[in-house]
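Comments concern the structure below.
Note: hydrogens, waters and symmetry copies are ignored here, and every other heavy atom, side chains too, is used.
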Amino acid sequence: MSFASLSSGSAARQRLGIAAAAGSLLLTACGSSSSGGPAVPDLHGQLPEQVRSTGVLRIGTDLGYAPIGFKNAAGKPDGLDVDLANALGGALGVRVEFSQVPFDKLFMGLQARQFDVVMAGVTDNLQRRDGTDAKGMKMNSGVDFVDYFITGTSIVVAKGNPQKITALDDLCGRTVALQRGTVQATLAERQAGVCEKSSRKKLTVQETDTEDQALALVAQGKAAADLSDTPAAAYAAQQGRGGAQFQVTGEQMQAGPYGIVLSKEDTVLRDTLVKALDRVIRSGEYDKILSKWGLSAGAAQNAVVNGGF
């Protein structure tokens, strides 16, 4: 499969590289092997006791966001996040176990210790790290991220783009659909204010439980467009009714990193995941996974903690 190029990812990739250098997050080997080369650190031994003793890394995810995470024809977890999680499990010497949770409930599940981390195409941003709402009000203790991929937001419309939408301003006076709890919800809320001030045309935001439901509203003509992450948007354009149902319009917006989400107190697990991700990247397995899903343009150079804007 091949997906649209993440055209505005280069600046974000550069930021990830700079942040990693500044934070000394690149993996460095310790000691030497009997052959005279650098020894490979035992990452399993660096895991928190609970993960190490059970041999399982519990991952909360939303398997309704192809190609990032979804259920394949056999009903099994599949996608970028699933493949990467399994690769990380191999580097850590543990089995990964997925829990399917609606996207907008993932942070609550993490706080309730239902799983150790979240991998669900979650964008790393300051609001989530600080645990604040769109107005800056404190909502929770916030989270940490281990960043692993760069993407952005795209607009999905019906094939042929009958309403000639090419930018957010074209949505004024119309209805836009999107998945609840996503960064697109915040983007649409901000755009609604812009529409009201600039044109006095109301932007109606229809939030759904899943991305498929948002796309269905576009297909039914009940929404002019869907806002989603670029990989999901490109996948919908290529796969919806054999590529005859949707198309991506306009430029990608607000590029930023996806991150593995952890509770702020789980610093030991966070730092071990940084090392494991760097190992997967350096081994070449990371590039193979991205290539499999047609997402190589979003590759990060190395793992970074809290590198999003």
Can you find a heavy atom in the side chain of [X] that is under 4.5 Å from one in the side chain of [Y]?
{"X": "L84", "Y": "I260", "result": "no"}
{"X": "F149", "Y": "P231", "result": "yes"}
{"X": "P48", "Y": "D266", "result": "no"}
{"X": "V82", "Y": "L63", "result": "yes"}
{"X": "I59", "Y": "V118", "result": "no"}
{"X": "V261", "Y": "F145", "result": "yes"}
{"X": "C172", "Y": "Q191", "result": "yes"}

(request) Not counting sequence neighbours, which residues clear salt bridge (charged side-chain N to carboxylate O under 4.0 Å, His left out) with D170? List them please. (result)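 With neighbours one apart ignored, the set is empty.
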
Closest contact, heavy atoms only, [X] versus [Y]:
{"X": "D226", "Y": "A214", "value": "OD1-CB, 3.5 Å"}
{"X": "V218", "Y": "A225", "value": "CG2-C, 3.5 Å"}
{"X": "L277", "Y": "A303", "value": "CD2-CB, 3.5 Å"}
{"X": "A188", "Y": "L178", "value": "CB-CD2, 3.5 Å"}

Could you verify whether a donor N or O on one side chain and an acceptor N or O on the other, from [X] and [Y], lie under 3.5 Å apart?
{"X": "Q184", "Y": "D229", "result": "yes"}
{"X": "D116", "Y": "Q50", "result": "no"}
{"X": "S291", "Y": "S296", "result": "no"}
{"X": "Y286", "Y": "N302", "result": "no"}

Does any N or O in the side chain of [X] come within less than 3.5 Å of the main-chain N or O of [Y], such that one atom is a donor and the other an acceptor?
{"X": "D81", "Y": "G69", "value": "no"}
{"X": "D124", "Y": "G308", "value": "yes"}
{"X": "T272", "Y": "Q46", "value": "yes"}
{"X": "T249", "Y": "I165", "value": "yes"}
{"X": "S154", "Y": "Q252", "value": "no"}
{"X": "D147", "Y": "P257", "value": "no"}
{"X": "R58", "Y": "R113", "value": "yes"}

Can you confirm whether [X] is buried at [atom1], in the sense that more than 12 heavy atoms of other residues, nucleotides or ligands lie under 6.0 Å from that atom?
{"X": "E189", "atom1": "CD", "answer": "no"}
{"X": "K138", "atom1": "NZ", "answer": "yes"}
{"X": "K264", "atom1": "NZ", "answer": "yes"}
{"X": "K159", "atom1": "NZ", "answer": "yes"}

(request) On the 0 to 90° scale, with breaks at 30° and 60°, tag the Y148-Y258 ring pair as parallel, tilted or perpendicular. (result)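 Correct class here is tilted.
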
